[in-house]
Structure formats: C-alpha cells, structure tokens
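First up is the structure itself, then whatever we jot down about it.
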Amino acid sequence: MARYGMALDYKNCINCKACEVACKEENGVELGAEKHRIWVGGNNPDGQWPLLDIVSASFLPSQCQQCDNAPCEEVCPTHATYYDDNGVVLVDADKCILCSYCIEACPYDARYVDERTMTIDKCTFCSDTRLARGETTTACQNTCPTKVRTFGDLDDYDSEISELLRTRDHFSLKSNLGTNPKLFYLT
C-alpha cells in the first residue's frame, strides 16, 4: 500500500481557483457552493487600485491535512471517520450521524456539512474517484497551471514528492499539535 501525501509549492500560487473548481467538478459539488473540500487563503495586495503592490499578496492553498494522528478520527463516536489502507482519512457517509464532533476536533477547519448528503465531508485525496480508477494524481494537482501541488507516495523513495521533501525545506501547519499532517508546504 501507499502512504499518500502532498507537497505544496505555495509561493507559486496565483489564486486562480482552478484547484477549487477541479475539486468541485471531480466530487459533484456545485461551483457556487461556499463550502468545499479545498480552498486558497491569503491576503490581498497592498495599495489602492490601480496602484497595487502585487508582490505583497500571498496565497496559502489548504485542505484536509490527512493527519497520521487525526483528532477527527479519534472523536468520531460511530467510526464514520477512518483511515483507508493508504492512510487517507475518509468518511463513511452511511455511518455519519452529523454529530459534528469531527468538525470541532479538526484544528485545520477542513470539514464541513455536505447539505446534499447531510453528512460531514472533507478532502479525500481523490481516493474514491481518481485513485480508485488507477490514476496517480488528484484533480487539484492535475489542473494547477503553476504546478503548486505534488501528490504521491511518501514511502516511495523515488517518488516526486519524496524527492521534493528530501531536497527542499518545508513545514507543516500546526505541527506543534502532534497531528503529523501529510501536507507539506515547500519554502
């Protein structure tokens, strides 16, 4: 089995929203929906239009951090949140009772209520769609025009993500919490 993770070369993000649109399309989420599996945060450029300081803008793509020690999995009373064979944190919609414990426990604000199914949802690294079809990239990685995202097997020494993590400095969000996220931000 693989142990999937994602490296984000976030300084290349231009906030074009292609990743968000691709994710929504892949997962059947309406394009106008505010709640979604991935998002891009950040700050706007300084200045007044038309004299904007573009260099002052920064963007931080985010999503479920796919923690090795996921607080959301620990608090789920029905075991609807679980790890698959590849270590991806998933939600079994048939077991979800919408208690929202996982939403409260997630320190990354990565879960939301899917009003279509009335269950909690989150990023799945496309495990139930693209990976299930034998593809090796996520929808968000596949569509990014500036190649921000690199998805792959962290246990494969020769994988692109393993090479990036060996050769580039990186950090994880809120690593002090001990969640051991599998999203890595390249510096």
Side-chain angles (χ1 to χ4, degrees), residues 1-24 26-27 35-47 51-73 83-84 86-90 102-103 105-112 122-127 130-131 135-187:
M1 294 283 103
R3 188 171 67 93
Y4 290 118
M6 186 175 285
L8 298 122
D9 201 350
Y10 71 99
K11 292 178 183 176
N12 289 342
C13 181
I14 58 174
N15 199 18
C16 67
K17 306 289 188 198
C19 58
E20 291 180 19
V21 172
C23 177
K24 287 179 179 181
E26 185 73 29
N27 294 289
K35 298 175 183 172
H36 42 79
R37 295 173 179 220
I38 66 171
W39 64 92
V40 176
N43 64 307
N44 293 321
D46 293 333
L51 303 173
L52 296 174
D53 178 15
I54 292 297
V55 176
S56 66
S58 64
F59 304 108
L60 190 68
S62 197
Q63 63 197 64
C64 171
Q65 302 288 304
Q66 295 296 340
C67 304
D68 275 336
N69 185 24
C72 59
E73 188 265 345
Y83 294 98
D84 74 1
N86 295 314
V88 177
V89 180
L90 299 176
C102 59
I103 290 175
C106 177
Y108 304 101
D109 199 27
R111 290 174 164 257
Y112 67 97
K122 56 178 270 326
C123 169
T124 64
F125 275 166
C126 294
S127 64
R130 298 173 69 84
L131 294 179
E135 298 178 42
T136 58
T137 63
T138 60
C140 57
Q141 176 190 347
N142 196 46
T143 194
C144 182
T146 58
K147 307 299 180 208
V148 169
R149 298 165 185 270
T150 302
F151 174 77
D153 184 356
L154 297 168
D155 288 340
D156 177 357
Y157 183 84
D158 296 323
S159 69
E160 186 178 0
I161 188 171
S162 293
E163 174 72 19
L164 281 171
L165 296 178
R166 275 194 311 277
T167 60
R168 301 263 313 264
D169 288 336
H170 56 276
F171 65 91
S172 295
L173 298 180
K174 301 181 181 182
S175 58
N176 61 313
L177 299 178
T179 58
N180 300 324
K182 290 185 292 224
L183 255 66
F184 305 93
Y185 292 82
L186 303 173
T187 57

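Note that these values count all heavy atoms, side chains included, but never hydrogens, waters or copies made by symmetry. Predicted model, so just to flag it, every value in this text is computed and none were measured.
- By the 4.5 Å heavy-atom criterion applied to side chains, Asn15 and Lys17 are counted as neighbours.
- Taking the six-membered ring for Trp, Phe125 and Phe151 have ring centres closer than 6.0 Å.
- The shortest side-chain heavy-atom distance between Leu164 and Leu186 falls under the 4.5 Å cut-off.
- Both the sub-6.0 Å distance and the 45° axial angle are satisfied by Arg166 relative to the ring of Tyr157.
- Within the 4.5 Å cutoff, no side-chain heavy atoms of Asn180 are placed close to those of Cys67.
- Residues Arg149 and Asn142 are not in side-chain contact: their nearest non-hydrogen atoms beyond the backbone lie 4.5 Å or more apart.
- Tyr83 and Asp68 make their closest contact through OH-O, 3.0 Å (heavy atoms, listed as atom of the first residue, atom of the second, distance).
- The minimum heavy-atom distance linking Leu183 with Gln65 is given by the pair CB-OE1, 3.4 Å.
- Aromatic ring orientation, Tyr185 versus Phe171: parallel (interplanar angle below 30°, classes split at 30° and 60°).
- No side-chain heavy atom of Cys144 sits under 4.5 Å from any side-chain heavy atom of Cys19.
- Tyr4 and Ser127 share no side-chain donor-acceptor pair at under 3.5 Å.
- Side chains of Arg37 and Asn27: a donor-acceptor N/O pair is present below 3.5 angstrom, by distance only.
- Between the side chains of Lys174 and Asn176, not a single donor N or O lies within less than 3.5 Å of an accepting N or O.
- Under the 4.5 Å side-chain criterion, counting only non-hydrogen atoms from C-beta, Ile161 is in contact with Leu154.
- Residues Gln141 and Cys126 have side chains not in contact (no heavy-atom distance under 4.5 Å, counting atoms from C-beta outward).
- Residues Arg130 and Thr138 have side chains that never bring a donor and an acceptor to within less than 3.5 angstrom of each other.
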